Amino acid sequence: MGFVTADFVRYRYEHIPRNMQVDPVKTAALHLFILTVSGAGLCTACGEGSLRSGDARAPGVDLRGGPGAGSTVGGLPGPARPGLDLAGPPAGTTVNVPTGPSPLAPAAGTPGPTLAAGTPLDAASPNPDDTADSTEPGTDPASESNPDPESDETPAAPAGAPSDDESPPAAEAPPAGAPSDAPPPAAEAPPAGAPSDEPADAPPADAPPPPAARPGADARFTRRLPDTSDRIHVFYDQLSNRLSDAQYAFAATRAAGTQKVTRNVSARIRATNPDFVVLQYRLAFGLSAEHNIIGENLWDRDTIEPTDAANAGDPRQTREAFYLHVPAGSSDPAHRVRHDDNYWLADVRNRDWQRAHIDELMRRMPTNDFDGVFLDTAHVRWDGLTPSTWWQSFCGPEYHALPGCWHEPALTYYSALAATLHGGDRWFYAIGNFGPLVTEADDNTYLAPLDGGMIEHFMYLFDFPNERDWHLVAERITRLIGNDRVLIAEPVGYDSGNARLRRWLIGNFLMFKGRQSFAAFYPRGTDHVDAPVWLPEYDVDLGAPVDPVPADIGAQCTGDAARFACSGLYVRDFARGFVVVNPAGEARSVDLPAPPPGERWAEVDFEGGGYVDADGRPAAQRLIYTPLDGVRVTPASRDARIIVRVDDAGLPVR
């Protein structure tokens, strides 16, 4: 482009690869670069309380109950909630309790995550280092690891191009054009000029996206995800193929499902929990040269090549048209648009590719007894693509126009995919990786036909989101997922030693938790393709929410709410407590309501957690309950508080 715009800086800042470990020096340099280029930085609504200055709590707040703990907290005046001057325990009282019951009842004899109060934390959590090897093409992974083609580093996006949020595992693509016994799914025509022989019959540009089907209303599941209203439920992003029976049993009893494991691994997990859900992994728009599960217990290359033996006799240009090329209209494999993760970008406009991709996806469902599909990078991809001006062959010279060009063919493709997954004798899930949902140029409405999505880098990218970005993500979660679609919240690579950050992440999850919501938290030092991870956050028991997730997040504001502003805090009530989230750039206060007779309020904090070892034992961890003595709670800027009811002994009320 010849120059760097503030918008470009925003894209680069808000899109980082999965599991990227934050380097403080590099982060500081990045902030300096951002301030230099934009003149004002990216935090457009931070104010004086920006968390970029540290982890300072509001005056008088000591969650460990040291001297001064329980004193009335100062802060900005907040909107009135019915309050009561609570008579609390002596200053400094701290209640340590073991972790509570698991989301899914463990089988008899299965070791639980509970630890005696005061158990020393084990800093050296088991971290198997032999679970990231890749199998050779065509090998049985029964004793091999789970190949993870995702990279911890993604090269910078080309100058003038925005960047995306993650490096998707390179392993997806249909042996396109594969014969299918079922009639092809009804798919809308691509936009004008798209490479297709069929007439253009796409819906008008202003037509609203079709609502996603509600899987919970249909009985044609072999296995279905549980209702998550009662407590925090877990979904593992992936699991290694080299775990012990005890580790698989732990995953089976403590989580609802996972993705990207072969049939023999699924069988070991389902021996303990027959209802454990396993999703097939696919790149939403990629044709990959890396490994993927292509057959029963079989990993191999997952591309569509005109020269493959399976494609013998097919005209070269037919198969080559599945790929996006620069310049447009080229049929030269050397001119494909390629991603650094070793996959080629499909031409989403091509109806033949759409049908071949969906047919192959369905062919693999029974092969490994999958319950649906996880579509990685389901949103518009910005970074890591070569040539650097690839979008020009798709929709012209201006990259800001890309989401508009992408919308119609993506909506057509997802509508056909969902219709196929939901249209047979058995219902399959369609879950997408929605990314962090912070790119303002992309409204993501083409994702509506899917059953829900993973929010990767959930509410945390390098740093806490500023207030405007928080509202942007909140609005999209409530609009695209709401109370009934599947939500998988996956923050990755964060510092679990930062108490405020831990409260922030679990507090935000509780704020948006509906009937199909799952936590997939991976602190720094843990890997989503390794052993199961268990955290004390998962054992917080607030009971069911009093109200469902609202269509407008402003309904949770305790003061006057505008689109990107709230004069108070965001509060959500549960059966046994409530959660308070403060995305603003300054501390804000809210009154404590009166608890039931004989009870009082306590804040919850977290310590420890990590891998589950080979004997099925989680890393040392605990929940810490600190009774509140004051009548107000004042979360600092970018902070959350989880407040529960406790009895006279300081133990949570069940």
Side-chain angles (χ1 to χ4, degrees), residues 102-111 128 130-148 169 171 220-226 233-282 291-300 302 360-374 421 424-429 431 488 518 520 527-534 611-616:
S102 64
L104 299 174
T110 302
D130 62 345
T131 60
D133 304 327
S134 296
T135 57
E136 292 301 319
T139 60
D140 185 324
S143 61
E144 295 295 327
S145 66
N146 188 355
D148 178 30
R220 292 173 291 156
F221 281 101
T222 298
R223 288 167 288 269
R224 68 168 61 196
L225 293 168
H233 289 248
V234 175
F235 187 94
Y236 286 125
D237 186 316
Q238 296 174 220
L239 292 169
S240 170
N241 286 333
R242 287 182 170 177
L243 300 182
S244 68
D245 286 339
Q247 288 170 317
Y248 285 132
F250 184 96
T253 57
R254 302 306 175 96
T258 190
Q259 49 123 343
K260 205 177 186 180
V261 298
T262 49
R263 189 182 192 116
N264 52 0
V265 173
S266 298
R268 292 175 67 185
I269 298 173
R270 288 170 177 160
T272 302
N273 177 11
D275 294 324
F276 193 83
V277 169
V278 177
L279 302 179
Q280 175 183 175
Y281 176 93
R282 304 284 292 179
H291 294 141
N292 196 14
I293 300 172
I294 66 166
E296 183 173 355
N297 304 323
L298 180 66
W299 295 80
D300 206 343
D302 193 30
E360 179 62 13
L361 182 153
M362 293 301 295
R363 183 189 69 80
R364 297 181 187 184
M365 288 295 186
T367 303
N368 281 280
D369 198 11
F370 292 125
D371 301 298
V373 61
F374 178 85
L421 292 176
D425 293 335
R426 179 179 172 188
W427 190 301
F428 296 98
Y429 288 101
I431 311 297
I488 302 173
F518 303 89
D527 196 324
H528 64 288
V529 296
D530 213 324
V533 170
W534 196 260
Y611 285 120
V612 174
D613 68 18
D615 293 327

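This is a predicted model, so every value here is computed, not measured.
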### Query
Would you find a donor on one side and an acceptor on the other, under 3.5 Å apart, between the side chain of Gln247 and the backbone of Val612?
yes

To the nearest 0.5 angstrom, please state how far the [atom1] atom of [X] sits from the [atom2] atom of [Y].
{"X": "Arg224", "Y": "Tyr429", "atom1": "CZ", "atom2": "OH", "result": "6.0 Å"}
{"X": "Asn368", "Y": "Asn264", "atom1": "CG", "atom2": "CG", "result": "8.0 Å"}
{"X": "Met362", "Y": "Gln280", "atom1": "CE", "atom2": "CD", "result": "9.5 Å"}
{"X": "Tyr281", "Y": "Asp237", "atom1": "OH", "atom2": "CG", "result": "9.0 Å"}
{"X": "Tyr236", "Y": "Phe518", "atom1": "OH", "atom2": "CZ", "result": "13.5 Å"}
{"X": "Thr272", "Y": "Phe250", "atom1": "OG1", "atom2": "CZ", "result": "12.5 Å"}

### Message
Contact between Phe276 and Val278 at the side-chain level, heavy atoms closer than 4.5 Å - yes or no?
### Response
yes

### Query
Does Val373 reach the side chain of Met365, with side-chain heavy atoms less than 4.5 Å apart?
yes

#### Entry: Worked verdict on Val533 versus His528 for side chain to side chain contact (heavy atoms under 4.5 Å, CB included)
CA-CA 8 Å; Val533 170; His528 64 288; over 6 Å; no

So which atom in [X] and which in [Y] form the shortest heavy-atom distance, rounded to 0.1 Å?
{"X": "Arg426", "Y": "Arg223", "answer": "NH2-NH2, 3.7 Å"}
{"X": "Ala246", "Y": "Ala614", "answer": "CB-O, 3.4 Å"}
{"X": "Trp534", "Y": "Val234", "answer": "CZ3-CG2, 3.8 Å"}
{"X": "Pro226", "Y": "His233", "answer": "CG-ND1, 3.9 Å"}

### Query
How far apart are the C-alpha atoms of Leu279 and Phe235, what are their side-chain angles, what is the distance that settles it, and do they pass the side chain to side chain contact (heavy atoms under 4.5 Å, CB included) test?
CA-CA 11 Å; Leu279 302 179; Phe235 187 94; 3.9 Å; yes

### Task
Give the C-alpha distance, both sets of side-chain angles, the deciding distance and a yes or no for side chain to side chain contact (heavy atoms under 4.5 Å, CB included) between Arg270 and Asp369.
CA-CA 11 Å; Arg270 288 170 177 160; Asp369 198 11; 3.2 Å; yes

### Query
What residues form a side chain to side chain donor-acceptor pair (under 3.5 Å) with Asp275, not counting sequence neighbours?
none

### Query
side chain to side chain contact (heavy atoms under 4.5 Å, CB included) with Leu239: which of Asp530, Ile269, Val529?
Ile269

### Query
Val277 pairs by side chain to side chain contact (heavy atoms under 4.5 Å, CB included) with which of Thr258, Leu225, Thr222?
Leu225

### Message
Quick one, Arg268 with Asp245, criterion side chain to side chain contact (heavy atoms under 4.5 Å, CB included). Give me CA distance, side-chain angles, the key distance, then yes/no.
### Response
CA-CA 7 Å; Arg268 292 175 67 185; Asp245 286 339; 2.7 Å; yes

